[in-house]
Amino acid sequence: FVVQPIIAFSVVVTLIIDRIILRKRLSKRALIAILIIFVGLISLSFSASAQKAHPVGLIAKWIIVFTPLLLAALSALFVRLKRYSSPLLAALGGLAFGGTAITGRMLVFTRPYWHILYSPLLWSLFAYGLIGILVFTLALQRHHASIVNATMVAFETIAPITVGILLLGDRPKNDQWFLVSFGVILALIGTILISFVAYNSPTANKLQGKH
């Protein structure tokens, strides 16, 4: 709840770089979709409070450890698609980066600290990060950075928050569940809208045709 929504600001930074430095223009609908995502993620940040993660069960732990294998398999499948590969890859990249946040919260450091090298969660964290970087890079090759980043950040934020609520005992500050629901719904609406607008544009068709 505390860390992930801060990443929402990267959506604005990427949009500024895309527009001013790279001289790329986005449609008004795409800009509105990015704004909706940003407002949703900011709403989540207002409900944030510092908390300690609850221990999870053994089955849930191993599911999280092996999830990178599923993400890798889906990435290999989606990268072959011609039309909608970019939003799907951006979403997978967000889930992978979200996985690093989840495993990072679950890691327990005890003395001697080098014993952490034996933890499957540590190696799972590296796997999440590597898959996230590779998949996000592939998505960036297929569309504007600001659009891909907005999609990725939405999934990167929502996934850890969802797992945090269901497994790690996370709760919004002062039980502000309305803000959580409002933020998640806006982020999802913005992601769906930006996918629909962006990947039916002439620029998208041209980029998709190259892959």
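FYI, side chains are in, hydrogens and waters are out, and symmetry mates aren't considered; it's all heavy atoms of this structure. Numbers here are sequence positions counted from 1.
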Worksheet item: Sub-3.5 Å donor-acceptor pair from the side chain of Thr103 to the main-chain atoms of Thr100, do we have one?
Response: yes

Discussion item. Pair Leu95, Glu156 - check side chain to side chain contact (heavy atoms under 4.5 Å, CB included), show working.
Written reply: CA-CA 5 Å; Leu95 292 176; Glu156 181 182 6; over 6 Å; no

Practice prompt. Rounded to the nearest 0.5 Å, what's the gap from CG on Leu121 to CD1 on Ile64? Could you check?
Written response: 7.5 Å

Practice prompt. Calculate, to the nearest 0.5 Å, the distance between atoms CD1 and OG belonging to Ile63 and Ser124 respectively.
Written response: 12.0 Å

Worksheet item: Any donor-acceptor pair under 3.5 Å linking the side chain of Ser86 with the backbone of Ala139?
Response: yes

Fill in: For the student: nearest non-hydrogen atoms of Val135 and Gly93, plus distance
CG1-N, 3.8 Å

Item to complete: List in chain and number order the residues that pass side chain to side chain contact (heavy atoms under 4.5 Å, CB included) with Ile36, two or more places apart in sequence or in another chain; answer none if no residue qualifies.
Response: Ile32, Leu186, Leu193

Worksheet item: In chain order, what residues pass the side chain to side chain contact (heavy atoms under 4.5 Å, CB included) check against Ala96, with sequence neighbours excluded?
Response: Leu71, Ile131

Discussion item. Is there a path of hydrophobic side-chain contacts, each under 4.5 Å between heavy atoms of I/L/V/M/F/W/Y residues, joining Val108 to Val163?
Written reply: no

Discussion item. Between Val153 and Phe97, is the side chain to side chain contact (heavy atoms under 4.5 Å, CB included) condition met? List the steps.
Written reply: CA-CA 9 Å; Val153 168; Phe97 286 129; over 6 Å; no

Item to complete: Before giving the answer on side chain to side chain contact (heavy atoms under 4.5 Å, CB included), spell out for Leu107 and Ile116 the whole-Å C-alpha distance, their side-chain angles and the decisive distance to 0.1 Å.
Response: CA-CA 8 Å; Leu107 279 172; Ile116 194 67; 3.7 Å; yes

Worksheet item: So which heavy atom on Leu167 is nearest to which on Ala60, and how close?
Response: CD1-CB, 4.2 Å

Item to complete: Spell out, yes or no, whether Met106 and Leu122 are grouped together once hydrophobic residues are joined by side-chain heavy atoms under 4.5 Å, including indirect joins.
Response: yes

Fill in: Any side-chain heavy-atom pair of Phe66 and Leu70 under 4.5 Å
no

Worksheet item: At what distance, to the nearest 0.5 angstrom, does OG of Ser119 lie from NZ of Lys61?
Response: 5.5 Å

Item to complete: List the steps, then state whether side chain to side chain contact (heavy atoms under 4.5 Å, CB included) holds for Val79 with Ser85.
Response: CA-CA 6 Å; Val79 77; Ser85 62; over 6 Å; no

Worksheet item: Could you state the interatomic distance from CE (Met152) to OG1 (Thr157), rounded to the nearest 0.5 Å?
Response: 8.5 Å

Worksheet item: Roughly how far, to the nearest 0.5 Å, is the OG1 atom of Thr67 from the CG atom of Leu74?
Response: 10.5 Å

Worksheet item: Looking at Trp177 and Ile165, what are the two nearest heavy atoms and their distance?
Response: CZ3-CD1, 3.7 Å

Discussion item. The criterion is side chain to side chain contact (heavy atoms under 4.5 Å, CB included); which residues satisfy it with Ile158, sequence neighbours excluded?
Written reply: Thr162, Val184, Ala187, Leu188

Worksheet item: Side-chain contact, heavy-atom cut-off 4.5 Å: Pro172 with Phe178?
Response: no

Worksheet item: Rest of the hydrophobic cluster containing Leu130 (Ile/Leu/Val/Met/Phe/Trp/Tyr, side-chain heavy atoms under 4.5 Å)?
Response: Leu134

Practice prompt. Pick out which of Leu138, Ile133, Leu140 makes a side chain to side chain contact (heavy atoms under 4.5 Å, CB included) with Phe136.
Written response: Leu140

Worksheet item: When rounded to the nearest 0.5 angstrom, what distance separates OG in Ser43 from CG in Leu179?
Response: 6.0 Å

Worksheet item: Quick one: do Phe182 and Ile185 end up in the same hydrophobic cluster if we chain Ile, Leu, Val, Met, Phe, Trp and Tyr together by side-chain heavy atoms under 4.5 Å apart?
Response: no

Fill in: Considering all heavy atoms, the nearest Thr151-Ala91 contact
CG2-N, 4.2 Å

Practice prompt. Look at the rings of Trp123 and Phe126 and say which category their plane angle falls in: under 30° parallel, 30 to 60° tilted, over 60° perpendicular.
Written response: perpendicular

Worksheet item: So does Ile59 have more than 12 non-hydrogen atoms from other groups sitting under 6.0 Å from CD1?
Response: no

Fill in: Residues forming a side chain to side chain contact (heavy atoms under 4.5 Å, CB included) with Pro55, sequence neighbours excluded
none

